[in-house]
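Proteins get letters first, then strands, A, B, ... in listed order; numbering begins at 1 in each.
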Amino acid sequence: MEKVEPVNFRELDKKIKKFWEENNIYQKVKKKNEGNKEFYFVDGPPYCSGAIHLGTAWNKIIKDTYLRFKRMQGYNVLDKAGWDMHGLPIEVKVENEFGIKNKKEIETKIGVDKFIEKCKEFALKHKEIMENQFKNLGVWLDWENAYMPITKEYMEIGWWSLKKAHENGLLTKDLRVVYWCPRCETALAEHEVRGEYKEVYDPSVYVKFKLADEENTYVVIWTTTPWTLIANLAVTVHPEYDYTYVEVEFDDNKKEVWIIAEKLVEEVINKAKKTHNIKNYKIIKKVKGKELEGIKYIHPLLEENDKQKDFAKLENAHTIILGEHVTLDGGTGLVHTAPGHGEEDFEVGKKYNLPIYSPIDDEGKYTEGKWRGVFVKEADVEIIETLKDKGLLIYAGKIKHSYPHCWRCKTPLLFRATEQWFLEISKIKENIIGHAKTVNWIPHWVETRYINGVKFVGDWNISRQRYWGIPLPVWVCEKCGKYIVVGSVEELEEKMINKDEVGEINDLHKPTVDKIKLRCECGGEMKRVGDVLDVWFDSGLAPYASIGIKELKKADFITEGHDQVTKWFYSQHALSEIVFGDVPYKKCLMHGFTLDEKGDKMSKSLGNIVNPDDVVEKYGADLLRFYLLSANKVWEDLRFVWSEMDDVLSLFNTLWNAYMFAVNYMVLDDFKPDEKYFKYLKDEDKWILSRVNTIAKIAIKNLEVPYFHTYTWTLKDFILNDLSRWYIRLIRDRTWKEKEDVDKLAAYQTLYYVLLKLATILAPVAPHTAEAMYQNLKTDDMEESIFMNRIDVDEEFIDEELERDMAIVRDVVDAIYRGRDRIKYTLRYPIKEITIAGSEEVKKAVEKYSYIIKEQGNIKNIKFGEVEGSKYIIKPNYRELGKRYRSEVPKIVKLLNEVDPKDLIEKLKDGSVELGGYEIKPNYVDVRLEIPDYISGVEFSKGTVFINTEIDDELIKEGLMREVIRRIQSMRKDMDLDIEEKIKIKVEGIDINEFKNIVEREVRGQFVEALTPDYEKIWEIKTPNGEKYTVKISIEKNK
RNA sequence: AGGGCGGUGGCUCAGCCUGGUUAGAGUGCUCGGCUGAUAACCGAGUGGUCCGGGGUUCGAAUCCCCGCCGCCCUACCA
């Protein structure tokens, strides 16, 4: 052990980090647990596109704390870090770096080879940056063997998985309506769109379509995407809703009939009135939606798109059809239906055999009709104008609504029917839900949330028309159209026909595999489809691809933020369900998001981002870690409040001071820890030994769940209340005793044990501080690092009765302080006698530990019992009474209030009493005392303390002695003397000769007749009985 | 629109599952005290319609129902 200095936690971090690195501690800890029971953790991979933020820091701190705990339980923890690297975010950034504007330029200007190379560079560079930030937080993961989805091995397992999906009949190619980004020129999956809805203004247009076979009659529809009218093929109504024929009369007395849902008539007419002079309107006919089925109308843009003239000849085209998805929340109740541009439109269109018509290209430009080559959104205005000219426009305004945008480039998305590859989740949904129920979700209600999400999810579109990703391992025959799914490089090499051209296959990215050609059964040549896989497919593979296996190995633990419930929690489950038929994790903890002090999301635009590096720089990693795991329940959103960091600092300072106090005294006395001193334990030692083990027990239980907040709160309470404020106060005198005093040595041994134990319990959340303490405390025969030790409980030290008793003693002492304060009688002056009233339990504790009360309260004598003039009060214990008597409680309470309290208490001492036919057990009531005004009494949780306020000269003298001691001590401090340093003293103006020896011992001094003072001070001392003394104290250093 | 979570002193949060004495902690503010581990500590005071309403119960912050507000997820308004 070496002397401990005041600490800067940031500097401590660095020192310990260096120690770990230089001595390969992480590797040694792993090695030590090798062969033990495995604990499989899968790291949810952060995306390598920038620096970490507070939320990612929190995420890794949670993981690290849990895994450190597991290692300290002896588990062989599989703890690979992971990274997410493919996909659009990096492509977009690299596009920016190259300064290109659209997708085509990647091929025409840059070249796919070079583009891919750059993406890879970008990913690896940011991986490096983020890794260092994580390490800075003290995160121990297997960084060296981290999994990366851009390696050949990982990608190959992706292929294998897709082949499995194919074999299991769950991979399909289909024409469907998907989200389409016209800038990135690719389809997007549902989960890429989640959270990307933004409030935007769009046109809100009411249009009437003329009926083909009824004069002067129109159906009225509403749309926010006028550009899709070009592709309109039907109007959908709800079969069960009421629709009306409304006769509208204009100012010029012309009349026409509009078909509108009954509920929306007024709303639509009001809109129409804004641009039309409507004199009157009346409902002339009411029908059910289903009666409208089959009515033919004339497409409003026939002249602008010849293709529609062809469609008009088809059986169901340009007619009213039925669909359950129609609502009456807005619009007209008649839904403009373009099967190529809306999911529900698509579904209903298929039912009615309508063509899936989508006349736009990858960039979102029309391929046919009057506006050919125009970007669809830009055609909106002209289309509205055209409709107006044709007299078909009822109203055109703007509406603010949320609309999906590309998650990377923020371009508004289009809905577009294209051919894509899907995993048919719909076929295995029930299994997913079933297996979700086998997961231990923390908190438990995540299960509901998860299952709810799965219920609404559609088939998974896994193909992207992009570059930086795992290429879709599908080769299609140019001759017969047949396709195969390749599951490995080996298989590829077997089947490829242009080996000479391609050479060795070392990499599976697009530039390599696109060159590969295969031979079809029919004799034709097969070429790969151009697509790459959705990046969420990558991370979904993690449970098995991260460790390079092709079998299900359920993770013992995973944890991510609540945005991942429908993302990574789902994507990996979906894939494992497809490939292995089960869920790939056992325990799943969901955590919250970090917010700013006001509870707002941290964002660049708000300028309220807290950088974890800054917090670490100011407070050190452990304090941030402790804060993040104690500020709230981990699954709730966390408001980061800078000032709260100061609270944590003060906790850690207290911890460090307790540790410094203990060690520095031990060093002073050259103490060598030895269990033989346990023979000399005093009650307070036994108590803190019991406490620290109880705390260990609670900590382990809560870490296991994990409930980090209860774990950290328990530690905090122990450090502040039990260790610093109580135990150290109790043993302070003992530390001043002679060198070989066993009383002192027992206290040292106790402190030594407690600090080691405490460091161990603290280690998962505050690894640097704990390691620093351990390194100084450890003896040669102990493990090299604290993390090679077990976190466990020494049951034999736990004494619950002692803990309960001590709690009472503390209460009593606190009550004494309160009482002294009330009567202005400071602790320095002894009190002759106190009387304590309370239950048998209180009496027992007080008698047993009276010496503590006397010492701490500066009390000469303790009596137990009642004080004359006080009155007993019976307080019903509702909880106990209620358990037995339920609704009769009020009656019993009334009876209790009527009996003589003193009489009842006496009887209860011998057991149960009968009262009005009810049995009253001693634990059914609490006894209280009403304190008469003329007695100084103070209540505590289980009784009352009465203080005898008589003062005599002896007490005053003793008090004065303490006054003098305190002043000398304070002067020593002013003089900046070492604790050990001896002094000469002279006190004038007061006679304390009687206590000469005590004073000399307490202040390490010697009274002398004459001295040359180094420091001299005159003090005014006022005693509680009003006497005043002017005292001159002189001190000379021993030279 | 559907689902989930949250709403407790000025601020940050416990307590709620499993109903029970006077609803707690930390922090802030005011006053007093203590101090040779402590940038500490102790005491007193200040500060609460436990979001609102209804119900169940002898008894509700806690259980149930209906609202309101905030956040998140899902769905998007064709």
Side-chain angles (χ1 to χ4, degrees), chain A residues 4 6 190 194-195 197 204 221-225 228 236 325-327 329-331 334-338 341-345 399 401-404 415 443-446 448-449 451-453 455-457 562-563 565-566 592-593 595 597 599 601 630-633 635-637 639 641 643-644 646-647 649-651 653-654 656-665 709-710 713 716-717 720 724-725 728-729 732 735-736 814 817-822 824 826-828 875-883 885-893 926 928 966 969-970 972-973 977-979 1003-1004:
Chain A
V4 178
E190 281 176 68
R194 279 171 204 154
Y197 282 82
S204 165
I221 64 98
W222 172 63
T223 181
T224 57
T225 51
T228 59
T236 310
H325 61 280
V326 177
T327 67
D329 295 337
L334 294 94
V335 175
H336 145 57
T337 302
H341 293 287
E343 207 176 324
E344 284 161 334
D345 298 23
I399 183 179
H401 66 155
S402 64
Y403 193 83
F415 292 91
H444 62 89
W445 46 259
V446 178
T448 319
R449 193 167 163 170
I451 289 175
N452 215 283
K455 276 184 187 156
F456 285 102
V457 82
H562 48 51
D563 55 328
V565 170
T566 52
F593 273 20
L595 309 172
E597 328 207 350
K601 233 180 190 159
S630 63
N632 64 355
K633 283 168 275 188
W635 50 86
E636 274 167 22
D637 288 348
R639 295 185 184 201
V641 182
S643 64
E644 306 268 316
D646 288 330
D647 281 3
L649 176 61
S650 111
L651 168 69
N653 271 329
T654 304
W656 194 262
N657 285 322
Y659 159 71
M660 186 160 70
F661 161 82
V663 169
N664 289 352
Y665 274 99
H709 64 291
T710 0
W713 282 52
K716 181 177 173 173
D717 184 58
L720 294 180
S724 174
R725 292 176 196 164
I728 289 183
R729 194 164 93 195
R732 200 181 263 165
T735 60
W736 280 74
D814 278 345
Y817 291 156
R818 264 199 310 271
R820 281 177 166 279
D821 192 69
R822 198 178 296 167
K824 300 286 167 221
T826 69
L827 193 57
R828 286 197 283 270
K875 286 208 162 190
N877 183 339
Y878 283 94
R879 189 195 286 262
E880 293 302 321
L881 279 171
K883 261 188 225 164
Y885 294 116
R886 298 279 150 203
S887 63
E888 317 220 39
V889 171
K891 269 191 237 166
I892 298 165
V893 170
D926 281 335
R928 281 307 162 94
R966 192 191 79 74
Q969 299 288 37
S970 144
R972 282 186 64 117
K973 204 173 181 179
L977 296 181
D978 268 352
I979 294 172
V1003 303
R1004 307 228 155 142

**Exercise: identify the closest heavy-atom pair between A/Asp345 and A/His336** = OD2-O, 3.6 Å
**Asked** What integer distance in Å separates A/Asp814:CG from B/rC41:C1'?
**Response** 12 Å
**Message:** For a quick check of understanding: with a heavy-atom distance under 4.0 Å over all strands, which category does A/Ile728 fall into, base, sugar-phosphate or nothing?
**Reply:** base
**Interatomic distance, A/Asp717 CG vs B/rC13 C1' [rounded to whole Å]** = 15 Å
**Message:** Check whether A/Asp637 reaches the backbone of A/Phe593 with its side chain - one donor and one acceptor, N or O, closer than 3.5 Å.
**Reply:** yes
**Asked** Quantified in whole Å, what is the C1' atom distance between nucleotide B/rG26 and nucleotide B/rG15?
**Response** 15 Å
**Fill in**
Heavy atoms of A/Gly453 and A/Thr566 approach each other most closely as CA-CG2, 4.2 Å
**Side chain proximity check, A/Val446 to A/Val565, heavy atoms < 4.5 angstrom** = yes
**Asked** What integer distance in Å separates A/His709:NE2 from B/rG15:C1'?
**Response** 10 Å
**Request:** Return the value, rounded to whole Å, for the distance between atom OH of A/Tyr817 and atom C1' of B/rG32.
**Result:** 16 Å
**Message:** Measuring only the P atom in each nucleotide, how far is B/rA44 from B/rC51? A whole number of Å is fine.
**Reply:** 28 Å
**Complete:** As its Watson-Crick or G-U partner within any shown strand, both distances under 3.5 Å, B/rC29 has B/rG45
**Asked** Closest to the A/Arg732 side chain: B/rC72, B/rG43, B/rU38?
**Response** B/rU38
**Fill in**
For A/Val889 and A/Gly882 the tightest heavy-atom approach is CG2-CA, 3.7 Å
**Request:** For A/Leu595 and B/rU12, give me the distance from atom CG to atom C1', rounded to whole Å.
**Result:** 13 Å
**Message:** Checking contacts here: which listed nucleotide (B/rA39, B/rC34, B/rA14) is nearest the side-chain heavy atoms of A/Asn632?
**Reply:** B/rA14
**Request:** Send over the distance from A/Asn653 CG to B/rA37 P, rounded to a whole Å.
**Result:** 16 Å
**Asked** Side chain of A/Thr225, backbone of A/Thr223: donor and acceptor closer than 3.5 Å?
**Response** no
Tabulated below should be each protein N or O lying under 3.5 Å from an N or O of nucleotides 17-27 of chain B; please produce it.
unit_1, atom_1, unit_2, atom_2, d
B/rG20, O2', A/Arg879, N, 3.2
B/rU21, N3, A/Asp926, OD2, 2.9
B/rU21, O4, A/Asp926, OD2, 3.1
B/rU22, O4, A/Arg928, NH1, 3.1
B/rG26, O2', A/Asp647, OD2, 3.2

**Prompt:** Do the side chain of A/Thr710 and the base of B/rA14 come within less than 3.5 angstrom through a donor-acceptor pair of N or O atoms?
**Reply:** no
**Asked** Going by heavy atoms in the side chains, are A/Ser204 and A/Trp222 under 4.5 Å from each other?
**Response** yes
**Message:** For A/Tyr885 and A/Asp345, find the nucleotide of RNA chain B closest to each by heavy atoms; which residue's nucleotide sits nearer the 5' end?
**Reply:** A/Tyr885
**Prompt:** When rounded to the nearest Å, what value does the distance between P atoms of B/rC76 and B/rG7 take?
**Reply:** 31 Å
**Pairing nucleotide - B/rU57, Watson-Crick or G-U, each distance under 3.5 Å** = none
**Request:** For B/rC16, take OP1 and OP2 only and decide whether either is under 4.0 Å from a side-chain N or O of A/Lys633.
**Result:** no
**Request:** Between B/rC11 and B/rG28, how far apart are the P atoms? Round to whole Å, please.
**Result:** 15 Å
**Fill in**
A/Leu649 CG to B/rU12 C1', in whole Å, measures 17 Å
**Prompt:** Taking a pair as Watson-Crick or G-U wobble with both distances under 3.5 Å, which nucleotide is matched to B/rC71?
**Reply:** B/rG4
**Spacing between A/Arg828 atom CZ and B/rC42 atom P, to the nearest angstrom** = 18 Å
**Asked** In the structure shown, which nucleotide is the Watson-Crick or G-U wobble counterpart of B/rA14, with both distances under 3.5 Å?
**Response** none
**Item:** Geometric class of the A/Trp635/A/His709 ring pair [parallel <30°, tilted 30-60°, perpendicular >60°]
**Value:** perpendicular
**Request:** Could you tell me whether A/Lys601 contacts a base, only the sugar-phosphate backbone, or nothing, with contacts defined as non-hydrogen atoms closer than 4.0 Å?
**Result:** sugar-phosphate
**Asked** Expressed in whole Å, how much space separates the P atoms belonging to B/rC65 and B/rG70?
**Response** 23 Å
**Prompt:** Do the side chains of A/Asn632 and A/Arg639 get nearer than 4.5 Å, heavy atoms only?
**Reply:** no
**Prompt:** Which listed nucleotide (B/rC77, B/rC58, B/rG43) is nearest to the side chain of A/Trp222?
**Reply:** B/rC77
**Asked** For the residue pair A/Leu881 and A/Ile892, what are the closest heavy atoms and their distance?
**Response** CD2-CG2, 4.1 Å
Set out, line by line, the N/O atom pairs under 3.5 Å between protein and nucleotides 2-5 of chain B.
unit_1, atom_1, unit_2, atom_2, d
B/rG3, O2', A/Asn452, ND2, 3.4

**Item:** Nucleotide of B/rC58, B/rA37, B/rC73 approaching A/Phe661 most closely (side-chain heavy atoms)
**Value:** B/rA37
**Prompt:** Between A/Asp637 and A/Glu597, which is nearer to the 5' end of RNA chain B once each is assigned its nearest nucleotide?
**Reply:** A/Glu597
**Request:** Check side chain to side chain contact (heavy atoms under 4.5 Å, CB included) between A/Ser724 and all other residues, then give those that pass, not counting sequence neighbours.
**Result:** A/Thr654
**Request:** If B/rA40 has a Watson-Crick or G-U wobble mate with both distances under 3.5 Å, name it; if not, just say none.
**Result:** none
**Item:** Pair partner, B/rU62 [Watson-Crick or wobble, under 3.5 Å]
**Value:** none
**Request:** Classify the nucleic acid contact of A/Lys455 as base, sugar-phosphate or nothing, counting any heavy atom under 4.0 Å across all strands shown.
**Result:** nothing
**Message:** Looking at A/Asp717 and A/Trp713, would you say the former's side chain and the latter's main chain have a donor-acceptor pair under 3.5 Å?
**Reply:** no
**Asked** What does A/Val565 touch in the nucleic acid at a heavy-atom separation under 4.0 angstrom: a base, only the sugar-phosphate, or nothing?
**Response** nothing
**Prompt:** Taking the P atom of each, how far is B/rG32 from B/rG20, in whole Å?
**Reply:** 40 Å
**Asked** Yes or no on side-chain contact (heavy atoms from CB on, under 4.5 Å) for A/Phe661 and A/Thr735, after CA distance, side-chain angles and deciding distance?
**Response** CA-CA 10 Å; A/Phe661 161 82; A/Thr735 60; 3.8 Å; yes
**Message:** Taking B/rA61 as the reference, what is the distance to B/rG9 when you measure between their P atoms (whole Å, please)?
**Reply:** 15 Å
**Prompt:** With rounding to whole Å, what would you report as the distance between B/rC17 and B/rC64 at their P atoms?
**Reply:** 9 Å
**Request:** Give one of base, sugar-phosphate or nothing for A/Tyr665, where a contact means two heavy atoms less than 4.0 Å apart.
**Result:** sugar-phosphate
**Request:** With heavy atoms under 4.0 Å as the rule, sort A/Ala662 into base, sugar-phosphate or nothing.
**Result:** nothing
